[in-house]
Every structure is written in C-alpha cells, then in structure tokens.
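Have a look at the structure below, then the notes.
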Amino acid sequence: MAIPNPKVKRNAAIRRFFVVLLAVSVAIIFLILSLTDTAPEVSGKEDEGLLSLPPSDLYSSGLHFVRRSVLAVRSDPLRSRAELIRKQVGDHAAVAGAYASFARRLKLESSKQARLFAELARNLSLLLAAHRPFLESAAPLDEATVRGFERGVKDRIRAARLLIADAKESFDNQLKIQKLKDTIFAVNEQLSKAKKAGAFSSLIAAKSIPKSLHCLAMRLMEERIAHTDRYVDPPTPPPELEDPKLYHYAIFSDNVLAASVVVNSAVRNAREPWKHVFHVVTDRMNLGAMQVMFRMKDYSGAHIEVKAVEDYKFLNSSYVPVLRQLESANLQRFYFENKLENATKDTTNMKFRNPKYLSMLNHLRFYLPEMYPKLHRILFLDDDVVVQRDLTALWKIDMDGKVNGAVETCFGSFHRYTQYMNFSHPLIKEKFNPNACGWAYGMNFFDLDAWRKEKCTEQYHYWQNLNENRTLWKLGTLPPGLITFYSTTKPLDKSWHVLGLGYNPSISMEEIKNAAVVHFNGNMKPWLDIAMNQFRHLWTKYVDYDLEFVRQCNFAA
C-alpha cells in the first residue's frame, strides 16, 4: 500500500491557492474596466474674476469633468492626444492668470503686463470653450479635427511661454536686486568718469587766460614800447618804499587787472592813502604792462613799486630749492607731460598739478625779509582778494612774538594739518600734531623781525629739500607754510578775512559785508566767465572801466 507524501499534498494546496487568486484578480480587472474615468473640460463661463485666482483654483473653477471610459481612451489615441493638448492649454491659462494677478498686486508695469497676461489667459480659455463640443463628444475623433485644434493651440502656447520668460526677471526678486546692483555700479562708473572730465574742464577754464585779459596785457605792453620815456623808473627809488613807518603791502601776480583791483580796493578804503606803499612783483613778461597800468593814474597819493622777480638776484637755483627742483626731469614730466590720465588720476588734488605751484611768484612769500630788509612788518595779499575797509589796524595788533598773523580755517575735522601732510611719514608724524588747525594764505600779516629771529626761511628750505620726491605733502605753498609757521602763527579774528567766494555760493552776504578782506579763492575767479554772479560785483566795482585800454578790451562790467 502506497504511503501518501505530505510534501506533494502541500504543493497541490499552494497551486489551488494561486489559481483562486488569479481568478479573483481577473474579476477585479474586469470590474475596474467597467468603471468610468474623468477628463477635464473647459466650462462655458468666461468670468474675468477667474484670472485673479491661483493656478489650481483657476483650473478647477474653469473646468468641469466628463465621464470617459478608460477603454475608450486607450482605444482612441487621437482623444488621448487631444486631452493632453487641452491640459497644456489649461495649465498655461492658469499660469497667465496668476501672473496677471501678481502684476496687479505689485503694480509692476501694471498697465502693460497685467493687461497682456489677462488677455492671454482669456484667449486660452476661449480656445478651450470653442473646442469643447468635439472634446466632450463620445464619437471617435478624426485626425483633421485634432490637428486643427493643435495648430490653434501651438501659437498661443508659444506666445505664453515667451511672455512668461520675459516677465520672469520682473517677478524674481533676487534677479531684480542683482540687476539693480549692476545698474548702480555702471552708473557710478559713469559718474566717476564725468567727475574727472568735469574737474579737468574746470581746471582748464580756471587757469586759462581770458581773451580780454590777454588783450589788456598786450595793449599795455604796446603803450610801454611806444612811449618808453614815460615809464622809465627814477634813478633813485623814492624813500617811502623803504620807510618802515608807513603801511607796506606785498602783491605778487602776473595778472595785470587783478593786481590793479587789489590796489584800487585798498586805496579807496584807506583813510590816509598816502601812507600806504604797495610792492607789486610780477614776471619779466608782464613787467611792462604792470608798469603802464600803475602809472596811468594817481591812486590818491599811495606809493606803488613795480618790479620783476628776476630783479632779485639772490633768487637762483643754488639758493632756492623750488628752482633747483624745477630742473629735475621727474618733476618736469610730472607737470608738463601732456597726458590726460596724468592730469586726472588724482581728482581731489588735481589743482596741485598746475605748474603755477612751481612758479617763483607763488613762492616769493617765503623770502619777504630778504626782499624788504629795512621793513619791520608787511601785509601779504593774494591777487584774488578785495579790500573792503581800512586795514591799518593790523599794524597795531600785538603779535606776541609770532611771525604770521592769519585767520584759521578749521572747523570740526576740516582743514586740520592731517589734510595737508602725509602723517604716515615718520618725520611729519614726529614733528607735527595732525589735529593742529590750518590757516589761510591770501591775507597774512608778517612780523619780519620775528621772522628773522626764528629763521623761518631756513626752516622752509629744510623741509622743501626733504620733499623733493613729494612724499611729505602735496605740492603748493600752503603745506610748507603750515610747516614753516607751525608754532609761530597768531590767529586773527575771522572778520579780517572771509574766504570761499570762488567756490562756495552759500556764504552769507552779512558775513561778506562785515569782512575787511574777501577772498575769491577757488576756480571761479571774478575775472572769468565761470565766476558766481552773486559775488562778482564785489570785484568789478574796483575795475578801472574809465581807462581807455580796459574799454578797448571789452571787459564786462
């Protein structure tokens, strides 16, 4: 008798289980196939409020669902293709509506972008509505119908994608910020270039000789040549030129008209003009014109001496550091090499590249005791100042043993020594206080006896020699003046000297009215067309418009 094998029985049971499972699965599949599926379709509503909804709301609210057989879809590839196209149209309509709503909220080119997106969403919705009948129909679709639907959709979807791509930059905050940064950087670059060009143009305008001024110098020189005998200096200088009891002024200039205005304004406001002596020094080129200018009128008895800088024989390159440095090839290249980049590489100190800062007329102020050995005190005036009241009270000031009487110009952190000198240099750092107050050249009262005692000219030579390579300070006369008279300057009351009429339009007229001397320091000199009109009359009222040569050269009053 055969013994049944348990293992065989177990395998047969497993097989029966899988047969039953297969039968149940097939039944479930047929049940699923009998169920219906849904497909999205655009409703016939065309509500513009739809466009402001989010994409999900827009899509669900604008579409309703029709029942479709899965078998029908699978059996009709054209309908599947049409459903895919319809879904793309719905998605793009939703995105366009969302962008339209966002554009309205941001007011970002709102009138244009919001209108474009809203119009695009409306067109896509209308397209779906137009093709709804054939999409809802249970009848099989033909190739021509689907192709026509696809052709109509294609252009609109392409337009939607282009519009969205163009608008992305406007709605992407990080992209907008970066774009704004790039724009700011580019504008700053343009501004920097414009500032350099403007500063260079302003410098040219300020340092050029106007046609009328050139005309005056030429006509005066022509008069000097034509009537030599009228302008010969007397063999013996008048004793008043060396009389220390009189009031002496030093004016160093190559500008004939400007020098005459300084003398005219001082004489007209002096109570006793015959006690005032003016020492005018110019260069050899303008000497003849200066001589004629100051011989053509009486100046109310004031004494005027006109000399050329070349008449002072001790001023030579073996004695004067500036003249010796001028012979340096490096310094000549720094000043006279004709390159725009050289002139504009340092816009804040571009004015110091002007060759006038190497002119002896600019550095004569450091040699006053040697030029006028018999004088005890002298008042130095720049050629761009106007005297508005009698200045004799300066000679009565107690200088307390100081050499230089000047108006201080510092306020807050401005015009301190640190702005004029290189305090990273050990010599400057050791000798001077960076917070020491600066003062102004233009109206300086010098005690020549104290000067000689303090040996200020020797001090000037010492520091000027050290600065041959321009490492201690920028070129010019104010920094070496601040160094030379560091501990020997007496501050004067600010009403003696008001500065800034050549660059600062905000100076009050009350302050100017109370000033003894006003100074047109800056580029906008009163004899130039770029002068500030509100201050120019202070200068022009001392111009000798009644002189024939001035009238011939068309100076504007």
Side-chain angles (χ1 to χ4, degrees), residues 206-207 209 217 221 241 248-256 258-259 262 278-291 293-294 304-336 351-373 375 378-385 404 441-444 446 448 451-452 455-470 472-485 521 525:
K207 306 309 176 186
I209 301 176
M221 184 60 72
L241 300 182
H248 291 264
Y249 301 78
I251 303 167
F252 307 142
S253 174
D254 57 1
N255 187 324
V256 179
V262 177
F278 297 90
H279 301 273
V280 180
V281 182
T282 186
D283 53 26
R284 182 65 68 183
M285 181 184 298
N286 292 283
L287 178 61
M290 286 283 190
Q291 288 174 334
M293 190 71 178
F294 289 107
I304 301 174
E305 177 191 41
V306 179
K307 297 185 73 173
V309 65
E310 291 82 2
D311 294 334
Y312 298 93
K313 302 303 180 184
F314 70 92
L315 297 174
N316 52 62
S317 59
S318 63
Y319 178 63
V320 178
V322 169
L323 292 178
R324 183 170 60 255
Q325 291 167 8
L326 186 57
E327 297 172 356
S328 164
N330 288 334
L331 201 60
Q332 289 181 8
R333 184 164 51 252
F334 177 81
Y335 272 105
F336 301 112
K351 65 177 183 178
F352 296 122
R353 303 183 69 88
N354 193 300
K356 85 166 193 175
Y357 289 100
L358 287 179
S359 167
M360 270 312 300
L361 283 176
N362 209 38
H363 287 262
L364 278 181
R365 63 193 72 187
F366 294 105
Y367 300 96
L368 288 168
E370 296 164 275
M371 297 172 67
Y372 310 106
L375 301 183
I378 195 167
L379 180 63
F380 170 77
L381 294 176
D382 265 344
D383 63 359
D384 55 353
V385 306
N404 172 35
Y441 262 138
M443 192 214 75
N444 302 82
F446 291 110
L448 300 183
W451 185 316
R452 298 180 184 103
K455 297 183 178 180
C456 292
T457 300
E458 288 80 353
Q459 286 290 317
Y460 161 69
H461 282 178
Y462 170 77
W463 288 102
Q464 191 70 43
N465 283 324
L466 290 176
N467 194 48
E468 184 171 0
N469 57 359
R470 303 180 301 279
L472 302 184
W473 67 80
K474 302 290 186 183
L475 288 170
T477 53
L478 182 55
L482 295 174
I483 288 176
T484 301
F485 306 113
N521 58 313
K525 302 298 185 188

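It should be emphasised that the depicted structure is a prediction, and the values quoted were computed from it without experimental measurement.
Applying the side-chain hydrogen bond (donor to acceptor under 3.5 Å, both in side chains) criterion to Y319, with sequence neighbours excluded, gives E370. D311 is linked by a salt bridge (charged side-chain N to carboxylate O under 4.0 Å, His left out) to R284, counting only residues two or more places apart in sequence or in another chain. Shown here are the ring pair (Phe, Tyr, Trp, His ring centres under 6.0 Å) partners of F252, two or more places apart in sequence or in another chain: F380. With sequence neighbours excluded, the residues satisfying side-chain contact (heavy atoms from CB on, under 4.5 Å) with N467 are L472, W473. Residues satisfying the salt bridge (charged side-chain N to carboxylate O under 4.0 Å, His left out) criterion with R452, sequence neighbours excluded, are D449. Residues meeting the ring pair (Phe, Tyr, Trp, His ring centres under 6.0 Å) test with Y249, sequence neighbours left out: H276, F278, W395.
When all heavy atoms are compared, the tightest approach of Q325 to Q464 is NE2-O, 2.8 Å. Closest heavy-atom contact between S253 and M290: O-CE, 3.4 Å. Closest heavy-atom contact between L241 and H248: O-CE1, 3.4 Å. Between A250 and L368, the shortest heavy-atom contact is CB-CD2, 3.9 Å. Residues H461 and P321 come closest through the heavy atom pair CD2-CD, 3.4 Å. In plain terms, the two heavy atoms of V281 and A308 that are nearest each other are CG1-C, 4.1 Å.
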Assess whether side-chain contact (heavy atoms from CB on, under 4.5 Å) is satisfied between V385 and M443, documenting all intermediate values. CA-CA 8 Å; V385 306; M443 192 214 75; 5.8 Å; no
Could you walk me through whether Y460 and V322 pass side-chain contact (heavy atoms from CB on, under 4.5 Å), step by step? CA-CA 11 Å; Y460 161 69; V322 169; 3.4 Å; yes
Is there a side-chain contact (heavy atoms from CB on, under 4.5 Å) between M221 and V256? Walk through the geometry before answering. CA-CA 11 Å; M221 184 60 72; V256 179; over 6 Å; no
After noting the C-alpha distance and the side-chain angles of L323 and H363, does the key distance pass the side-chain contact (heavy atoms from CB on, under 4.5 Å) rule? CA-CA 10 Å; L323 292 178; H363 287 262; over 6 Å; no
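Between atom CG of residue N286 and atom CG of residue D254 there is a gap of 5.5 Å, rounded to the nearest 0.5 Å. To the nearest 0.5 Å, the span separating CG on L315 from CZ on F366 amounts to 13.0 Å. To the nearest 0.5 Å, atom CG of residue N255 and atom CG of residue L361 are 11.5 Å apart.
Between R365 and T477, some side-chain heavy-atom pair lies under the 4.5 Å cut-off.
Aromatic pair Y372/H279: centroids less than 6.0 angstrom apart. You'll find the ring centres of F485 and W451 inside the 6.0 Å limit.
Judged by distance alone, the side chain of D382 and the main-chain N or O of D384 form no donor-acceptor pair under 3.5 Å. Not one N or O on the side chain of T282 forms a donor-acceptor pair closer than 3.5 Å with the backbone of L287.
Classification of D383 and K525 as a salt-bridged pair fails, no side-chain N sitting under 4.0 Å from a carboxylate O.
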